[in-house]
Amino acid sequence: MKKVLFLFMLIMLAFGIMACGGGKDSTSGGGTNGQGGRALNGDIAGEITVSCFETMMHQTLLEEAAHLFEEKYPGTKVNVETFSAMPEIKTAQQGEMSIAAIEMKDDPAARADYISKVNTALMSGSGADILATDVLPLYKFADNGQLVDLKALMEADSQFNLNDYRTNILDALTYKGGLWYMPLEYSFDYYTYDSTLIGRKEADFGTSSAFSTGQLVDLAVPQFDGSSKIFNMSSYTRGGGGGGSGMISGLYARMLREHYASLVDIEKREAHFIDGGFAQLLDVLKEYEQKGYVSEGISAQIDPDRILKGNNGLPQPTERFYFKPKNNANLQQEFTRNLGRRMNMMMSVGSAMGIEDDDLIAGIAADAQGQIPFTFQHGYAINSASKNQQTAWAFIKFLLSEEMQLSTALNAFFLPLHNEARAQKMELVMSGAFFGGGMGLPGGGGRMQGQGQMRTPGQGQPPGQGETPEQEQPSGQGQPIIQGEPPEQGQDQPTIPVQDLDQVQPSMERQSMELPELDEQMREALTQWQETTEQLSTQINTYTIHDSVIDDMINTEVQYFFDGVKTAQEVATTLQSKVELYLNE
């Protein structure tokens, strides 16, 4: 079998993973179980439909779950509806190796059409039984009494044990007294610091600490001399997007996420772009760039063809940075990089890979209010007009089961909500067995087989982006770009499965994952990784509700600022008017 290299280029909104949600006051409507509130422990039967927008993210997982659920509960039928176009796959040949670049394009118009379709169905008292949270403004549906309070379902179900799950995640999702959608997994960001540039005496670093970008800048500025930048990212990066002007990421996106809740008050339906400091945020960003705290912004389209032609190696980093923002997907390498098993995961363009040998964990990422947020990919709500809420809830419970939480159709680097599954998945990832049993593509893809090499976060460089080597480096957040290639001489590197391009497709076949024995050092690293993950996870206490329509407004308008067409104040004024009008529709 010929060797195959996969590059997954996942283009996302600047604010991070789209997982919109919301809620409704539990005293003012919304169904519970459609059966007078009695416990949901009866026979499971009937037909339900699950509706999602993002095809690549959801289709394989839901079809696999539907197949297994129907086997477990004869007499049930689960229909899966997805609406987005599958991404384009481009291929190229490098010697004996085939390369595939999967480009996920942003399509605001298609999202708007889908949201309108779902809204019309719900207003008429129909629609799918289960709705995915990927792009829908669920807070609006919940406020209108169109979603079921899942908290009530959990309390009424004697077979559901809340203690099996990370409850602070669910607590963070509570909105107006109810839980209106259920995440399957979660993700968080954290920071590392270079101990040669900034010492522990400068702050109380560690797994019990939390920092916003502004707090870290304040810590670094007294020692800043211009020889090392404070963050390993550009002030902003515009790229990708397919046919449009692309999306904005970089430090701007991180700062926007930190301030989002103060700019858009979903619960009160208020916009605060003028009085919430949005113009100041943009001006501060420019100040950071001018003072050399971060690299200058990058305005360049991401070209898959250029990536395919230019993937000729991963240079070693030569620069140091005070702080590096990372995602929990990077956390494993904090404990394995000195064990001869350094793994590299390339992320989105716009950030520089830096020397990491002296890096230590600074703390988890906080927002501007000091709250600790998380994101997720897969979340599901129940339509209060569903005629079969019992089966819909049973299906969501099945998605939460240890069996499905370990599905390889889920993103390998998101953390299962189920406690036992989370611990087991980390062990499977550490040993390589999770990937050997078949790997879920970063957006939720099919299984693959064969040989390859995985590079996990913090190392590596997608070529052909930006104008300098630093600007070409990937960032430590967002969706991973995973490569498979022959290991370098003398390196003991784990593998992921790959297969010929024409055979990459979803599979309903369940494959067992045998757990290889870990040596003493790797077992110790696993324990440290698991303990650190739990310590950081315990701090999570908020979820920032987004609206994809508002996100598109911000993303479009802010480009005028970065292009020099509008001032920060003009952009803030325009967004105030547009978002305020939308929230009050």
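Bear in mind that the values here come from a model prediction, so they are computed numbers and not experimental data. The figures that follow rest on heavy atoms only: side chains count, while hydrogens, waters and symmetry mates do not.
Inter-residue side-chain proximity for Asp189 and Ile364 is flagged as unmet; no heavy-atom pair is nearer than 4.5 Å. Residues His378 and Met57 are in side-chain contact: their nearest non-hydrogen atoms beyond the backbone lie under 4.5 Å apart. Residues Leu417 and Gln405 form a side-chain contact, since some pair of their non-hydrogen atoms from C-beta on lies under 4.5 Å apart. Looking only at side-chain heavy atoms (C-beta outward), Ile396 and Leu184 stay at 4.5 Å or farther from each other. You'll find the side chain of Gln530 stays beyond 4.5 Å of the side chain of Thr533, heavy atoms only. Here the side chains of Leu68 and Phe398 are in contact, with some heavy-atom distance below 4.5 Å. With contacts defined as side-chain heavy-atom distances shorter than 4.5 Å, the pair His418/Met404 does not qualify. Proximity of Ser537 to Tyr186: side-chain heavy atoms (C-beta onward) are separated by under 4.5 Å at one or more points.
To the nearest 0.5 Å, atoms OG (Ser384) and CD (Gln146) are separated by 6.5 Å. Separating the OG1 atom in Thr336 from the CD atom in Gln332 is a distance of 5.0 Å, to the nearest 0.5 Å. Rounding to the nearest 0.5 angstrom, the gap separating the CZ atom in Phe335 from the CE atom in Met430 is 8.5 Å. The OG1 atom of Thr55 sits 9.0 Å away from atom CZ of Phe83, with the distance rounded to the nearest 0.5 Å. Taken to the nearest 0.5 Å, the CG atom of Asn411 stands 11.0 Å off from the CG atom of Leu61. Between the CE atom in Met182 and the CZ atom in Phe376 there is a gap of 10.5 Å [rounded to 0.5 Å].
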* Asked: How far apart are the C-alpha atoms of Asn79 and Ile48, what are their side-chain angles, what is the distance that settles it, and do they pass the side-chain contact (heavy atoms from CB on, under 4.5 Å) test?
  -> CA-CA 6 Å; Asn79 303 304; Ile48 60 172; over 6 Å; no
* **Steps toward ring-ring contact (aromatic ring centres under 6.0 Å, His included) verdict (Phe53, Tyr114)** => CA-CA 7 Å; Phe53 177 73; Tyr114 174 70; 5.6 Å; yes
* **Derivation and outcome, side-chain contact (heavy atoms from CB on, under 4.5 Å), residues Gln389 and Asn383** => CA-CA 8 Å; Gln389 291 180 22; Asn383 180 355; over 6 Å; no
* Asked: Going through the checks in order, is the side-chain contact (heavy atoms from CB on, under 4.5 Å) test met by Thr544 and Thr375?
  -> CA-CA 8 Å; Thr544 304; Thr375 59; over 6 Å; no
* Determine, step by step, whether Phe69 and Phe395 satisfy the ring-ring contact (aromatic ring centres under 6.0 Å, His included) criterion, reporting the C-alpha distance in whole Å, the side-chain angles of both residues, the deciding distance to 0.1 Å, and the verdict. => CA-CA 7 Å; Phe69 183 80; Phe395 185 69; 5.3 Å; yes
* **Residues Glu47, Thr76; criterion side-chain hydrogen bond (donor to acceptor under 3.5 Å, both in side chains); working and verdict** => CA-CA 6 Å; Glu47 184 172 356; Thr76 61; over 6 Å; no
* Steps toward side-chain hydrogen bond (donor to acceptor under 3.5 Å, both in side chains) verdict (Asn168, Thr538) -> CA-CA 7 Å; Asn168 64 308; Thr538 298; 5.9 Å; no
* Residue pair His58, Val50: steps toward the side-chain contact (heavy atoms from CB on, under 4.5 Å) verdict -> CA-CA 10 Å; His58 293 285; Val50 186; over 6 Å; no
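Of the options Asp129, Thr49, Thr391, a side chain to side chain donor-acceptor pair (under 3.5 Å) to Ser386 is made by Asp129 and by none of the others. Each of Leu147, Leu150, Leu138 was compared with Trp180 under the side-chain contact (heavy atoms from CB on, under 4.5 Å) criterion, and only Leu147 meets it.
Within the 3.5 Å criterion, the main-chain N or O of Asn163 finds a donor-acceptor partner in the side chain of Asn419. Using a distance-only test at 3.5 Å, with no hydrogens or angles considered, no donor-acceptor pair links the side chain of Thr174 to the main chain of Leu179. Side-chain atoms of Asn330 come within 3.5 Å of backbone N or O of Asn327 as a donor-acceptor pair. Using a distance-only test at 3.5 Å, with no hydrogens or angles considered, a donor-acceptor pair links the side chain of Asn144 to the main chain of Lys140. Looking at Ser187, its side chain never comes within 3.5 Å of a backbone N or O of Phe414 through a donor-acceptor pair. A donor-acceptor contact shorter than 3.5 Å is absent between the side chain of Glu70 and the backbone of Lys77. Side chain of Tyr165 to backbone of Leu400: a donor-acceptor contact under 3.5 angstrom is found. Formation of a donor-acceptor pair under 3.5 Å by the Ser124 side chain with backbone atoms of Ala121 is found in this model. A donor-acceptor pair is defined here as one N or O able to donate and one able to accept, closer than 3.5 Å; no such pair exists between the side chain of Asp547 and the backbone of Pro137.
In terms of heavy atoms, Ile115 sits closest to Ser548 at CD1-OG, 3.6 Å. Smallest separation of non-hydrogen atoms from Ile169 and Pro183: CG2-CG, 4.2 Å. Taking every heavy atom of both residues into account, Ala132 and Cys52 meet most closely at CB-SG, 3.6 Å. Listed here is the closest heavy atom pair of Ile372 and Ala365: CG2-O, 3.8 Å. Closest approach of Lys425 to Ala412, counting heavy atoms only: CE-O, 3.3 Å. The two residues Ala421 and Leu406 have their closest heavy-atom pair at O-CD2, 3.5 Å.
Other residues, nucleotides and ligands place no more than 12 heavy atoms under 6.0 Å from the CD atom of Glu520. Atom CD of Gln521 is surrounded by 12 or fewer heavy atoms from other residues, nucleotides or ligands within 6.0 Å.
Donor-acceptor pairing under 3.5 Å is lacking for the side chains of His546 and Tyr139. At a cut-off of 3.5 Å, with distance as the only test, no side-chain donor of Thr532 or Glu334 sits close to an acceptor on the other residue. Between the side chains of Gln535 and Thr207, a donor-acceptor pair is found at a separation under 3.5 Å.
Ring centroids of Tyr175 and Tyr181 are separated by 6.0 Å or more, keeping the two rings apart.
Between Arg523 and Glu427 there is a salt bridge, with a side-chain nitrogen of the basic residue lying less than 4.0 Å from a carboxylate oxygen of the acidic one. Classification of Arg422 and Glu185 as a salt-bridged pair fails, no side-chain N sitting under 4.0 Å from a carboxylate O.
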